[in-house]
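Quick notes on the structure that follows.
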Amino acid sequence: MAGEFNGTNAVVENGTGEIVGQMEATLTYNGTPIDISNKSNGDFVTLLDGELAGKQLQWAGTIVWNTDLQAQKVLNDAITGTMDTYTLTYPSAGATDESFTALMMPNGRADTLPHGDKVSSSITLLSSGVITHVPYVA
């Protein structure tokens, strides 16, 4: 398949630099449509075009433990509830890479410590405030 993005190349950064390590993640952009239905539309639902309420970016992933300072900072920030500016970039061969930037709070740290295997931590980053999205441009 041509033109696909390779998740191996995705870059996550916090306010102090790139978070180095192996990770798998899911990025979810949440928003609730605004219902503006009224009797003049009969039984049909009408949604406000171009608007969402409760917008939030959620990045949920698993980081394989390492000694990188940025990776350790994210894990420690989840314990203290400390927010930082995070950017997730999907590098591409296009003229502009797609990216999301927001003030985010690490939350829900869960460590996995299997016997004789790698140690990893699952964590969710929750945005607070404005989300800056730079769309992919070919």
Side-chain angles (χ1 to χ4, degrees):
M1 185 159 98
E4 70 274 2
F5 290 111
N6 184 340
T8 303
N9 298 326
V11 177
V12 180
E13 299 174 80
N14 60 17
T16 54
E18 288 183 11
I19 299 170
V20 176
Q22 295 178 324
M23 55 186 81
E24 293 183 358
T26 301
L27 180 76
T28 306
Y29 189 96
N30 294 315
T32 305
I34 301 169
D35 188 339
I36 57 169
S37 301
N38 60 51
K39 298 281 186 201
S40 65
N41 295 342
D43 294 334
F44 297 99
V45 171
T46 304
L47 301 176
L48 184 60
D49 186 27
E51 291 291 332
L52 294 172
K55 296 177 190 176
Q56 186 179 47
L57 190 65
Q58 292 185 2
W59 181 91
T62 301
I63 301 172
V64 175
W65 272 68
N66 63 69
T67 58
D68 176 65
L69 293 176
Q70 272 43 275
Q72 293 298 313
K73 180 182 182 313
V74 175
L75 298 173
N76 292 333
D77 286 353
I79 293 171
T80 61
T82 303
M83 288 195 266
D84 200 349
T85 299
Y86 287 85
T87 300
L88 173 65
T89 304
Y90 302 122
S92 66
T96 305
D97 296 334
E98 182 172 22
S99 68
F100 296 87
T101 302
L103 183 62
M104 301 184 91
M105 178 181 287
N107 184 268
R109 176 180 166 175
D111 299 334
T112 303
L113 304 111
H115 181 72
D117 202 356
K118 64 184 179 283
V119 175
S120 61
S121 294
S122 296
I123 200 158
T124 301
L125 301 175
L126 304 170
S127 71
S128 175
V130 175
I131 302 161
T132 302
H133 174 238
V134 176
Y136 167 78
V137 176

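Note: hydrogens, waters and symmetry copies are ignored here, and every other heavy atom, side chains too, is used.
- A side-chain donor-acceptor contact under 3.5 Å links S40 and N38.
- Residues forming a side chain to side chain donor-acceptor pair (under 3.5 Å) with T89 (at least two apart in sequence, or on another chain): none.
- Under the side chain to side chain donor-acceptor pair (under 3.5 Å) criterion, Q56 pairs with Q58, sequence neighbours left out.
- Residues passing the salt bridge (Lys or Arg N to Asp or Glu O under 4.0 Å) test with D111, sequence neighbours excluded: R109.
- Residue pairs meeting the side-chain hydrogen bond (donor to acceptor under 3.5 Å, both in side chains) criterion with at least one member in residues 122-131, sequence neighbours excluded, are T62-S122.
- In this structure, L48 belongs to a hydrophobic cluster whose other members, linked by side-chain heavy atoms under 4.5 Å apart, are I34, I36.
- Between K73 and D84 a salt bridge is recorded (basic side-chain N to carboxylate O distance below 4.0 Å).
- Counted by atom type alone, T101 and T87 present one or more donor-acceptor pairs between their side chains at under 3.5 Å.
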Practice problem: Show the numbers, then the answer: is there a side chain to side chain donor-acceptor pair (under 3.5 Å) between T16 and N14? | Solution: CA-CA 5 Å; T16 54; N14 60 17; 3.0 Å; yes

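- Interatomic distance, Y90 OH to Y136 OH, rounded to the nearest 0.5 Å: 14.0 Å.
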Exercise. Go through the steps to decide whether D97 and V134 satisfy the test side-chain contact (heavy atoms from CB on, under 4.5 Å), and finish with yes or no.
Key: CA-CA 8 Å; D97 296 334; V134 176; over 6 Å; no

Atom pairs and distances, donor-acceptor, side-chain atoms in residues 112-120, under 3.5 Å, two or more places apart:
none

